[in-house]
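Below is one structure; the comments refer to it alone.
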There are 2 protein chains.
Amino acid sequence: MSDYGPGGLFLADCPARLAVELIADKWTVVVLSGLSEGPVRHGDLIDLIGGISRKMLTQTLRRLESHGLVRRHAYAEVPPRVEYELTSLGATLIEPIHVLTEWARANGDAVLDALDAHSEPVAHQG
Amino acid sequence: MSDYGPGGLFLADCPARLAVELIADKWTVVVLSGLSEGPVRHGDLIDLIGGISRKMLTQTLRRLESHGLVRRHAYAEVPPRVEYELTSLGATLIEPIHVLTEWARANGDAVLDALDAHSEPVAHQG
DNA sequence: CAGCATCCTCGCGGATACTG
DNA sequence: CAGTATCCGCGAGGATGCTG
């Protein structure tokens, strides 16, 4: 656990890999974002996120739960009601995610511009 | 582009999606990390990262290049030499990534503990 | 309403061999 | 040394239907 190479690299066997494993999938970040303001019901998350299937939502939540980032709370009611909320550990992940999304908000256009310029390398002939 | 819902949510059609699309794969974050200290050659990246195939490295680099985050520099030599470096735009992504990996460094153990406790829900009978 | 099981498709990503 | 093409297995992930 000492260091991770010259200059503080964080590549091979290191925390970065864990972080990547946690957030490097299609839905994790978005789901965590959806929970960032307080407990939300399953169905409301579906609605809130948009585009996620029930299967993937449940699966993502289960995974986050097993990693200690999300707590599940099922009420013994009928019809059933299940709420999910961030644990204190999970809440600490919101900040890094926020930094990331702020980056996207600030630089998203630049990225899209680059994509654009890349797909249209049509010389202006002059 | 006005707001993203109550409380500044960033879910459906928003920058967060772009950020996720950019970094939510197995290698992007690690490759960017590998370039964070300056230009690196293809082969050195392979070596540095560990576990990535040439195919995936090239593919990831091409993608980052098209998004304006990485610049490719091929020298007209023999044997060939190609270096990759972050663009100024790409360099701005290092900070969010750094925040993320710092989180992992600080909370990695907690996550692993949670995983552990989850896979061994053996009641202590107490 | 929440969750699980099933089926099915698609593309990620590794292995290998070939080109320049 | 760097890049491309090809083959292929596997798992992500959507769609649907059933249970409680």
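Residue numbers begin at 1 in each chain, while the letters A, B, ... track the order of the sequences.
- Between the CD1 atom of A/I46 and the C1' atom of C/dA2 there is a distance of 10 Å, rounded to whole Å.
- Smallest separation of non-hydrogen atoms from B/A19 and A/L100: CB-CG, 4.1 Å.
- Summarising the geometry, atom OG1 belonging to A/T58 is positioned 14.0 Å from atom CZ belonging to A/R63; distances are rounded to the nearest 0.5 Å.
- End-to-end axis angle for the helix from C/dC1-D/dG20 to C/dG20-D/dC1, using five pairs per end and rounding to 10°, comes out at 40°.
- Between C/dA2 and A/R41, a contact under 4.0 Å exists linking OP1 or OP2 to a side-chain N or O.
- Within 4.0 Å of A/Y75, counting heavy atoms only, lies no atom of the nucleic acid at all.
- Hydrophobic side-chain contacts under 4.5 Å tie A/V99 into a cluster, directly or through other members, with B/V99.
- Across the protein-nucleic acid pair, A/D44 atom CG and C/dC1 atom P stand 10 Å apart, rounded to whole Å.
- Here CG of A/D116 is found 11.0 Å from CG of A/D109. Values are rounded to the nearest 0.5 Å.
- Here the C1' atom of nucleotide C/dA2 and the NE2 atom of A/H42 are 6 Å apart, to the nearest Å.
- The salt bridge (charged side-chain N to carboxylate O under 4.0 Å, His left out) search around A/R54 returns none, not counting sequence neighbours.
- Computed from coordinates, the B/E77 CD to D/dA2 P distance equals 11 Å when rounded to whole Å.
- With sequence neighbours excluded, no residue forms a salt bridge (charged side-chain N to carboxylate O under 4.0 Å, His left out) with B/E21.
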5' to 3', nucleotides 4-20 of chain C under a 4.0 Å protein heavy-atom cut-off (B base, S sugar-phosphate only, - none) gives S--------BBB-B--B
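- If you run side chain to side chain contact (heavy atoms under 4.5 Å, CB included) between B/L69 and each of B/E65, B/H67, B/R71, only B/H67 comes through.
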Report, one line per pair, each donor and acceptor closer than 3.5 Å where one atom sits in a side chain of residues 74-83 of chain B; sequence neighbours left out.
unit_1: B/Y75; atom_1: OH; unit_2: B/E83; atom_2: OE1; d: 3.3
unit_1: B/E77; atom_1: OE1; unit_2: B/R81; atom_2: NH1; d: 3.2
unit_1: B/E77; atom_1: OE2; unit_2: B/R81; atom_2: NH1; d: 2.8

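- Between A/L61 and A/L35 the shortest heavy-atom distance is CD2-CD1, 4.2 Å.
- Counting to the nearest Å, the C1' atom of C/dG3 and the CZ atom of A/R81 are 17 Å from each other.
- Distance CG (A/L57) to P (D/dA15): 14 Å, rounded to an integer number of Å.
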